[in-house]
Each structure stands twice: as C-alpha cells, then as structure tokens.
2 protein chains.
Amino acid sequence: MTELLWGKEPARTRGPKPAITLTAIAEVAIAIADAEGLDAVSMQRVAGELPVTKMALYRYVPGKTELVAVMSDLAMGGPPDRPDLPWREALHTWAIDLYDGFTRHPWLLQSTIGRRLLGPNELAWIERGVAALTGTGLSGGEQLDSILVITSHVRNIAQQSTTFPGHTTGLTEEDMQQSLAEILATEADRFPHLTTAMRTSAGSENQGLEFGLARILDGLELLISGRTG
Amino acid sequence: MTELLWGKEPARTRGPKPAITLTAIAEVAIAIADAEGLDAVSMQRVAGELPVTKMALYRYVPGKTELVAVMSDLAMGGPPDRPDLPWREALHTWAIDLYDGFTRHPWLLQSTIGRRLLGPNELAWIERGVAALTGTGLSGGEQLDSILVITSHVRNIAQQSTTFPGHTTGLTEEDMQQSLAEILATEADRFPHLTTAMRTSAGSENQGLEFGLARILDGLELLISGRTG
DNA sequence: ACATTACTGTGTCCGGCAGACACAGTTACT
DNA sequence: AGTAACTGTGTCTGCCGGACACAGTAATGT
C-alpha cells in the first residue's frame with residue numbers, strides 16, 4: 001500500500017507487458033469522480049474506459065480502497081509554489097490554496113477522511129503548512145494542531161459551499177434554505193435565537209471561509225505574540 | 001421527508017395496524033451502527049432484528065437515505081441542559097457536549113455531512129450555540145459562522161481520535177504513526193519542517209480539541225471585545 | 001532450441017446491496 | 001355486505017466488490 005502511494009515500481013521481470021499503468025487507472029478514476037462524483041467510480045466503470053476488463057485492475061491495485069487512496073493523492077497534487085511570507089500571510093494563502101483544491105475535486109472531501117495512510121502530496125501540504133509556522137516559538141505539536149484547525153475549517157466550508165455531482169440527496173442550497181425557513185416559520189418559538197439570527201444574516205453569504213480563518217489566525221497570533229514577547 | 005424528521009403522524013384511517021413504528025426502526029438501526037458501524041446498517045440487517053421483512057420497512061421510510069436521516073437526528077439528541085454562563089464558557093461546554101455526542105455515536109460524523117434537511121435535534125444544537133452568542137454584538141451571520149467554525153473543529157478532532165467500528169481501513173493509530181515514521185525516516189529531506197515538528201511533539205497527544213478551541217475562542221473574544229468596546 | 005517460470009488479462013461465480021412491483025391479507029368506512 | 005385503503009411478503013432486476021481458475025505471453029535457465 002505504501003509502495004503504491006509512493007510510486008515504488010516493483011522492478012518487472014518476466015511475463016507479458018502490462019497493458020496499462022497505475023496512473024492511467026487513477027486518471028480515469030479521477031475524471032469519473034470529477035464528472036459524476038466518487039460514488040460513480042466503480043471497478044466496472046473505470047475498466048470500461050480502459051482497454052481492459054474489471055478484473056485486470058486487480059493486477060494493479062489490491063482493491064477499491066487502495067485505488068481511492070491513489071487517485072486521491074494524485075488529484076490533490078502538491079501545494080502551489082508561493083513566495084516566502086510572514087507566517088500569517090503564508091498560512092492564509094495556504095488555506096485558500098487548499099480550499100481551491102477541494103473545490104476543484106469536491107470528492108476529495110469524502111475520500112480523505114478518517115485514519116488513512118498518507119501519500120506524498122498530502123504530506124507535502126502538511127510540510128508546507130508546518131513550514132509557515134517554524135520560528136514562531138510554537139512547539140511541534142502546536143504547529144501540527146494549528147494547521148489541523150485550519151484544515152478542518154477549510155474542509156467544512158468547502159463541504160457546505162460545494163455542490164456535489166453525485167451521491168448527495170440532490171438538494172440545492174435553495175431547498176435547504178426554504179425548508180429551514182418553513183420550519184422556523186411554524187416553530188419559531190422553539191428556536192427564538194436562531195430565528196432572529198437568520199433574520200439579521202440576510203445578505204451575508206459565503207463569507208464563512210474568511211470569517212473563520214480570520215478568527216483562527218487571530219487566535220494564533222495572540223498565542224504566538226505571547227510566546228515570543 | 002420533513003414530516004418524517006419532525007414526527008408528523010399521517011393520521012391513520014383504514015387498513016391493518018402497522019406492526020412496528022418508525023422510531024423502533026430507527027432505534028434498531030442506531031444499535032447496529034453503534035456496534036458495527038454505519039456501513040453495517042442495511043435494510044436487510046435492520047429488518048432482521050424486527051418482526052418484519054426488508055420490504056416492509058419501505059412502508060415506513062421512502063429509502064435508505066431517509067432512514068439514515070431519521071436515525072441520525074434521533075441519535076444526536078438535543079443539547080444537554082446547562083446553566084447560563086458567559087458566552088465563552090457557554091460555547092466551551094457546548095463544544096465539549098458536542099464532542100461527547102460524536103464519540104458516543106461516531107457514525108454521526110459520516111451521516112451528518114453535506115447538504116441535508118435538518119431535524120429538530122440538530123436545529124436545537126444550533127439554537128443553543130447561537131443563544132450563547134446573543135448580546136455579544138455579533139451579527140446573525142457572524143453568530144452562525146462562529147458556531148460553524150467550532151463545529152468543524154469538534155467534528156474533525158472527533159474524527160481523528162475516534163476509532164470506527166466498521167468501514168475504515170482497519171488502521172490503528174499506531175499503524176499510521178509507524179507508517180509516517182518510516183516515511184519520514186527515508187524521505188526526511190523532502191519534509192524537513194515536518195520531521196522536526198514531529199520530533200518536538202512527542203508526548204503531546206490528544207490536546208488538539210482544547211488547543212484549537214482555545215484559539216478559536218480567543219479569536220472570537222478579540223472580535224467581540226472590539227465590537228462592544 | 002526448448003522447457004520452465006513468472007506474470008498478465010479474462011470469464012465465471014458468489015454474496016450482498018437498494019429498490020420496483022405485483023399480490024394477498026386486514027381493517028374501517030359506506 | 002361490499003368496497004376502499006392500508007400493511008406485509010416474495011420475487012425480480014441491476015448494481016457492487018471481489019475470489020478463483022484458466023489461458024496466453026515473455027523472459028529465463030538448461
């Protein structure tokens with residue numbers, strides 16, 4: 001598994017040449033997931049867009065789980081190159097870059113959750129984030145926890161703002177808003193604070209990313225300045 | 001669907017009495033999910049622990065999606081009663097309560113993601129969170145964004161610290177750590193900052209929840225004090 | 001040159017899943 | 001008594017991931 005993710009070739013010897021490659025499989029799978037969602041990625045479907053049958057894929061990949069891991073790390077890519085900046089600006093652009101990545105491949109939000117083996121690209125993202133915090137006086141654990149908080153925020157904002165191709169119940173943002181409005185209209189007495197909060201949040205759409213990011217970075221700044229000064 | 005979640009009875013008239021109830025179905029499903037993970041919840045499996053067959057369940061619930069929604073809102077429960085406290089302490093205990101809920105039913109992390117219709121209990125949680133922030137000078141949108149940030153953090157911490165019964169690749173925390181250690185040992189030059197960060201984060205386990213929460217609340221406090229003062 | 005060995009791709013099969021649909025039995029209203 | 005509305009059931013379809021045996025192919029050893 002680690003070998004798959006990190007691209008160690010098994011040093012071929014005898015036997016027929018493989019008809020395809022692991023990356024070709026992953027690229028096809030990524031294209032399907034981008035177009036129709038992660039749930040549309042099945043071994044059948046992937047093999048159908050390659051000159052092989054379903055079972056041939058198992059010569060390249062132990063199972064579906066591993067295929068998803070490989071395609072995820074590949075689609076994620078590494079963090080884009082950015083000029084050196086003070087830690088706060090660096091982390092800010094890092095977060096925005098991460099957000100862009102998730103909006104490019106929304107299914108990454110599904111496939112990169114929970115305990116899993118980390119691939120080179122995912123690790124490169126972490127490396128970049130930690131790098132921004134070196135020299136701030138934070139301990140290693142604090143650095144890791146810090147970028148974890150930011151990642152959590154970015155992920156959840158991306159999750160709520162992105163529209164998934166497949167899988168989900170097919171609700172639009174309007175459906176949710178309307179359903180919520182109806183409920184609050186009939187049960188306003190059960191949710192008084194929420195009702196007034198919704199009323200005074202009319203036009204403030206899609207500010208969630210920057211708002212939360214500003215709070216988290218403010219909190220970090222407080223800690224860092226207290227640590228160095 | 002909204003009727004299901006909010007428990008509107010369809011006012012029975014003729015025909016045989018139903019052999020079971022919607023809540024009985026949901027409770028069985030919850031028990032299965034608690035014991036064996038959300039993936040173990042199938043219509044077959046649920047019906048198997050009730051005096052009906054699989055297809056009978058479709059008389060109570062339109063499909064699997066709706067069953068998961070109902071069982072999720074039921075398992076989530078409402079927020080526990082807490083004494084009135086200043087906003088910061090109130091939000092802190094709110095976050096801890098939420099975290100406890102997710103550790104009690106880890107599968108809620110899977111079932112309550114993305115766009116979905118909100119049930120009464122989930123809305124009660126939001127209401128409680130927003131209530132803590134009334135009178136702080138924050139706008140309705142800011143209040144909602146604030147509790148969203150906290151929710152994101154709590155969710156992601158719960159996700160990484162909880163061990164799922166089913167579904168996941170079956171990796172233990174040690175497996176991940178060891179795999180990461182091996183990678184960093186062989187490719188240390190590609191991830192220098194991460195390597196040193198890992199080295200100086202030896203014993204600091206499981207502090208992620210409080211650390212991130214403290215940063216977020218610090219950031220909010222900064223905003224609120226600037227807003228009121 | 002030839003047999004051996006290791007590898008690749010394929011077809012078939014299995015169990016499990018969500019759900020459509022027709023049908024039989026049950027209850028209440030007319 | 002008849003009818004209409006409702007519940008539970010059995011059967012069927014089309015997916016899915018994956019096990020396994022088998023045939024073909026290319027490099028190796030003799």
Side-chain angles (χ1 to χ4, degrees), chain A residues 1 3-4 8-26 28-29 32-33 36-71 107 110-111 166-170, chain B residues 1 3-4 8-26 28-29 32-33 36-71 107 110-111 166-170:
Chain A
M1 180 62 202
E3 303 76 36
L4 279 182
K8 307 293 177 195
E9 310 284 332
R12 299 206 7 74
T13 54
R14 319 186 189 186
K17 317 280 182 195
I20 53 180
T21 62
L22 177 59
T23 37
I25 298 176
V28 165
I32 296 173
E36 306 171 40
L38 191 61
D39 290 3
V41 176
S42 73
M43 303 304 265
Q44 296 267 20
R45 188 86 168 64
V46 171
E49 308 202 0
L50 286 169
V52 292
T53 62
K54 177 187 79 165
M55 291 313 293
L57 300 182
Y58 288 95
R59 299 287 179 195
Y60 298 82
V61 129
K64 175 95 180 277
T65 309
E66 289 80 4
L67 170 58
V68 173
V70 170
M71 69 185 276
W107 49 271
Q110 298 169 247
S111 63
H167 169 259
T168 20
T169 40
Chain B
M1 179 63 205
E3 302 77 35
L4 279 182
K8 309 291 178 198
E9 310 282 333
R12 302 208 3 76
T13 53
R14 318 187 190 184
K17 317 281 183 195
I20 52 179
T21 62
L22 177 59
T23 36
I25 298 176
V28 164
I32 296 174
E36 306 171 38
L38 191 59
D39 290 3
V41 176
S42 72
M43 304 303 268
Q44 297 267 20
R45 189 85 167 65
V46 171
E49 308 204 0
L50 287 168
V52 292
T53 62
K54 177 187 79 165
M55 291 313 294
L57 300 182
Y58 288 95
R59 299 286 178 197
Y60 299 82
V61 127
K64 175 98 181 270
T65 309
E66 290 79 4
L67 169 58
V68 173
V70 170
M71 70 185 274
W107 49 271
Q110 298 169 245
S111 63
H167 169 260
T168 22
T169 42

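Since the structure is predicted, the reported quantities are computational estimates derived from the model, not experimental observations. All chains are named by letter (A, B, ...) in the order of the sequence lines, taking the proteins before the strands, and each is independently numbered beginning at 1.
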Taking N or O atoms only and anything under 3.5 Å, show me the protein contacts with nucleotides 25-30 of chain C, one pair per line.
{"from": "C:dT27", "atom 1": "O2", "to": "B:G15", "atom 2": "N", "distance (Å)": "3.4"}
{"from": "C:dA28", "atom 1": "OP1", "to": "B:K17", "atom 2": "NZ", "distance (Å)": "3.1"}

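- When each of B:P18 and A:S42 is assigned the nucleotide of DNA chain D with its nearest heavy atom, B:P18 is the one assigned upstream, toward the 5' end.
- Here the C1' atom of nucleotide D:dG17 and the CG atom of A:D39 are 14 Å apart, to the nearest Å.
- Across C:dT10, C:dA18, D:dG8, the shortest atom-to-atom separation from the side chain of B:A19 is found for D:dG8.
- When the side chain to side chain donor-acceptor pair (under 3.5 Å) test is applied to A:E49, the partners found at least two apart in sequence or on another chain are A:R45.
- Overall, the helix from C:dA1-D:dT30 to C:dT30-D:dA1 carries an axis bend of 10° between its ends, with five pairs at each end and the value rounded to 10°.
- Each of B:M43 and A:L57 was assigned the nucleotide of DNA chain C with the nearest heavy atom; the assignment lying further toward the 5' end belongs to A:L57.
- The two residues B:A40 and B:I32 come nearest to each other via the heavy atoms O-CG2, 3.7 Å.
- In this structure, CD of A:E66 is placed 13 Å from P of D:dG17, rounded to the nearest angstrom.
- Judged as a side-chain contact (heavy atoms from CB on, under 4.5 Å), and not counting sequence neighbours, B:P16 has no contacts.
- Summarising the geometry, the separation between CG on A:L67 and P on D:dG17 is reported as 9 Å, rounded to the nearest angstrom.
- Going from atom CG of B:L22 over to atom P of D:dG8 covers 13 Å, rounded to whole Å.
- The nearest whole Å value for the distance from the CE atom in A:M55 to the P atom in D:dG17 is 11 Å.
- Listed by chain and number, the residues in a side chain to side chain donor-acceptor pair (under 3.5 Å) with B:R59 amount to none (sequence neighbours excluded).
- Considering only residues two or more places apart in sequence or on other chains, A:R14 meets the side chain to side chain donor-acceptor pair (under 3.5 Å) condition with none of them.
- Whole-Å rounding puts the A:L38 CG to D:dC16 C1' distance at 14 Å.
- With sequence neighbours left out, B:L22 forms a side-chain contact (heavy atoms from CB on, under 4.5 Å) with B:L4, B:V61, B:V70.
- The stretch residues 44-54 of chain A comes close to DNA chain C through A:V52, A:T53, each having a heavy atom under 4.0 Å from the strand.
- Judged by distance alone, the side chain of A:E66 and the main-chain N or O of A:G63 form a donor-acceptor pair under 3.5 Å.
- For B:T53, the side chain to side chain donor-acceptor pair (under 3.5 Å) criterion is met by no residue, not counting sequence neighbours.
- Judged by distance alone, with hydrogens and angles left aside, the side-chain atoms of B:Y60 form no donor-acceptor pair with the main-chain N or O of B:L67 at under 3.5 Å.
- Rounded to an integer number of Å, the gap from A:Y60 OH to C:dC7 C1' is 11 Å.
- When atom types are taken as modelled, the side chain of A:Q44 and the backbone of A:S42 share no donor-acceptor pair closer than 3.5 angstrom.
- Partners of A:K17 according to the side-chain contact (heavy atoms from CB on, under 4.5 Å) rule, which considers only residues two or more places apart in sequence or in another chain, do not exist here.
- D:dA5 atom C1' lies 11 Å from atom CZ of B:R59, rounded to whole Å.
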